[in-house]
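Here is the structure we will look at, set down as structure tokens.
Quick note: residue numbers are just sequence positions, from 1.
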Amino acid sequence: MQLQTSAFAYAPAPESRAIVDIAPSYGLFIDGEFTEAADGKVFKTVSPSTEEVLSEVAQAGTEDVDRAVRAARKAFEKWSALPGSERAKYLFRIARIIQERSRELAVLETLDNGKPIKETRDADLPLVAAHFFYYAGWADKLEHAGFGATPRPLGVAGQVIPWNFPLLMLAWKIAPALATGNTVVLKPAETTPLSALFFADICRQAGLPRGVVNILPGYGDTGAALVAHPDVNKVAFTGSTAVGKEIAKTVAGTRKKLTLELGGKGANIVFDDAPIDQAVEGIVNGIFFNQGQVCCAGSRLLVQESIEDELLDSLKRRLSTLRLGDPLDKNTDIGAINSAEQLTRITSLVEQGEAEGAERWSPACELPSSGYWFAPTLFTKVTQAHTVARDEIFGPVLSVLTFRTPDEAVAKANNTPYGLSAGIWTEKGSRILAVAGKLRAGVVWSNTFNKFDPTSPFGGYKESGFGREGGRHGLEAYLDVR
């Protein structure tokens with residue numbers, strides 16, 4: 001449904017759901033086979049846009065975690081002993097299968113996650129394949145990566161991923177782990193387990209040796225058991241800062257290697273010489289891509305005071321052209337919020353923003369009657385003391401603040417416990433370099449936002465976590481480089 005009428009006629013263009021065959025139930029993937037949970041527990045995964053039950057999934061418990069880690073440990077001996085060129089063949093094969101099945105996987109991800117099909121089709125799946133292709137290329141070149149002459153794998157990697165980019169986060173974790181000779185036990189988020197289970201089938205299709213990759217759907221207690229397991233050598237987590245802090249406490253005092261990619265409150269800084277139309281597109285992409293459910297989202301807009309009115313007028317016009325509705329429609333810009341729990345959090349924080357005096361604006365928008373939906377929202381008259389300027393909302397909500405000088409922009413951008421991302425919009429290259437060097441953010445985009453490449457490292461500072469994923473830097477987390 002379009003947020004505002006247009007001079008152009010709109011006709012739905014739904015992607016075919018028939019392209020993907022979702023089974024009524026799925027088991028855990030341990031040692032190359034799908035199996036029931038030891039205690040028989042299951043849970044349901046639903047489509048956020050319709051609240052329809054998609055499938056029933058086995059719920060891993062402590063005994064299942066132990067089984068999976070033992071399988072991964074057993075497989076590690078042979079997998080790590082393979083020449084890098086042989087491991088690379090498996091990763092190349094996985095990458096090609098992902099490309100061949102990309103339409104199926106894109107539809108699946110949209111059904112289980114709620115994000116628009118054009119995002120899963122045009123952003124998520126190409127990047128998933130690219131990560132496996134990229135790290136396949138590193139598998140036989142590790143001694144030239146700058147981590148010593150004979151870098152060695154760590155062993156078993158325990159990986160816990162979030163629900164906002166289920167298949168892409170899986171690729172970020174699994175591809176470098178396998179390339180460096182480690183084996184994997186991965187726990188997908190409880191609201192989006194299906195693409196990880198389909199990936200398990202891809203592993204079998206690629207002929208990956210049994211036990212090299214194990215998939216354990218479950219809730220937080222499953223992830224906690226995996227992190228705490230004494231035979232896990234490496235823990236990788238992407239998710240909330242609160243959970244990340246608990247994981248850090250669990251791992252402290254052990255010899256486990258740890259990387260954390262946590263929350264963010266990214267600043268998108270627009271200077272008075274910026275190309276307004278280009279900046280508006282970047283702002284929209286920065287906060288409304290994936291309904292703002294992105295850890296590096298540009299959720300704080302810092303606009304130079306002299307162009308605030310002009311930019312906000314243009315931004316509101318642009319938001320009024322976005323289409324919200326069926327995520328499988330190729331015209332949809334704004335999909336569903338991932339879960340009822342997340343929708344409740346977004347709603348609560350937005351109401352708090354209004355109560356604190358910030359001015360809320362949304363384009364005219366009729367929300368679907370079923371599913372979890374939230375209209376794209378702007379807050380103006382925001383100060384740094386407002387909750388909507390401080391807390392990560394993880395939804396389609398943008399807080400607008402102003403500044404007068406570059407130093408003030410930097411001070412406001414850095415006035416956050418997070419440090420994951422930032423954007424700078426200006427025609428002056430010298431200003432980009434000067435401001436970027438002062439920002440405490442792991443990724444700084446210049447005249448763009450949310451651009452990713454497997455060759456480029458990604459990670460944060462402060463409460464946004466530590467360690468890097470992607471690029472050559474992403475290899476180090478999975479290697480013993482002493």
Side-chain angles (χ1 to χ4, degrees), residues 113 123-124 127-128 130-131 134-135 154 157-177 180 182 184-189 192 196 220 223-224 226-227 232 234-252 256-267 286 289-290 292-299 338 342 391-394 416-422 439-445 449-479:
N113 172 275
D124 291 24
L127 279 171
V128 170
H131 273 272
Y134 175 72
Y135 280 111
L154 297 170
Q159 303 174 330
V160 181
I161 60 173
W163 45 259
N164 56 339
F165 293 92
L167 197 56
L168 183 57
M169 292 298 99
L170 176 150
W172 280 27
K173 300 287 188 291
I174 290 182
T180 49
N182 298 276
V184 167
V185 180
L186 179 135
K187 191 203 88 70
T192 53
L226 178 58
V227 168
V232 166
K234 161 75 171 83
V235 173
F237 173 76
T238 297
S240 72
T241 295
V243 175
K245 288 179 178 180
E246 291 302 314
I247 289 174
K249 291 177 183 177
T250 300
V251 172
K256 297 175 184 177
K257 207 164 184 177
L258 175 65
T259 50
L260 298 173
E261 196 266 280
L262 309 175
K265 194 70 178 175
F289 178 74
N290 196 18
Q293 298 169 140
V294 185
C295 49
C296 58
S299 53
N338 180 254
Q342 184 60 23
D391 289 7
E392 184 181 38
I393 299 173
F394 222 64
T416 172
Y418 300 107
L420 191 56
S421 66
L439 294 174
R440 290 295 290 168
V443 178
V444 180
W445 285 290
F449 211 93
N450 273 343
K451 296 295 183 182
F452 294 95
D453 188 284
T455 68
S456 180
F458 180 86
Y461 296 102
K462 300 187 285 187
E463 290 193 11
S464 288
F466 52 83
R468 294 294 180 265
E469 293 182 300
R472 180 185 65 85
H473 303 69
L475 296 165
E476 184 177 8
Y478 292 94
L479 291 170

Subject >> CZ (Arg440) with more than 12 external heavy atoms under 6.0 Å >> reply: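 No.
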
Original post:
Among Gln159, Lys234, Lys173, whose side chain to side chain donor-acceptor pair (under 3.5 Å) with Thr259 holds?
Top reply: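 Only one option passes, and that is Lys234.
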
Closest contact, heavy atoms only, [X] versus [Y]:
X	Y	result
Tyr418	Thr241	CE2-OG1, 3.4 Å
Leu226	Val232	O-CG2, 3.6 Å
His131	Leu168	CD2-CD1, 4.2 Å

Quick one: does [X]'s side chain get under 4.5 Å of [Y]'s, heavy atoms only?
X	Y	answer
Tyr134	Thr455	yes
Val443	Phe452	no
Leu262	Lys245	no

**OP:** Give me the one residue out of Asp124, Thr238, Leu170 that meets side-chain contact (heavy atoms from CB on, under 4.5 Å) with Phe165.
**Re:**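 It is Asp124; the other options fail the test.
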
Subject >> Test log, rule side chain to side chain contact (heavy atoms under 4.5 Å, CB included), inputs Cys296 and Asn450 >> reply: CA-CA 8 Å; Cys296 58; Asn450 273 343; 3.5 Å; yes

Subject >> Check: Trp172 ring centre within less than 6.0 Å of Tyr135 ring centre >> reply: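 Aromatic pair excluded; centres sit 6.0 Å or further apart.
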
Original post:
Are Thr416 and Lys462 close enough that a side-chain donor and a side-chain acceptor fall under 3.5 Å?
Top reply: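 Short answer, no.
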
**OP:** Would you kindly say whether Ser456 and Lys451 are connected by a side-chain donor-acceptor distance under 3.5 Å?
**Re:**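 Distance-only check fails for Ser456 and Lys451.
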
Original post:
With sequence neighbours excluded, what pairs up with Asn290 under the side-chain hydrogen bond (donor to acceptor under 3.5 Å, both in side chains) test?
Top reply: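 Partners of Asn290 under the side-chain hydrogen bond (donor to acceptor under 3.5 Å, both in side chains) test: none.
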
Original post:
Looking at Glu476 and Arg468, does any basic side-chain N land under 4.0 Å from a carboxylate oxygen?
Top reply: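 Not counted as a salt bridge, because no side-chain N and carboxylate O are separated by less than 4.0 Å.
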
**OP:** Could you tell me how the ring of Phe449 sits relative to the ring of Trp445: parallel (under 30°), tilted (30 to 60°) or perpendicular (over 60°)?
**Re:**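 Taking Trp445 first and then Phe449, their aromatic rings sit tilted (interplane angle of 30° to 60°).
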
Subject >> Residues that Tyr478 engages under ring pair (Phe, Tyr, Trp, His ring centres under 6.0 Å), provided they are two or more places apart >> reply: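 Partners of Tyr478 under the ring pair (Phe, Tyr, Trp, His ring centres under 6.0 Å) test: none.
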
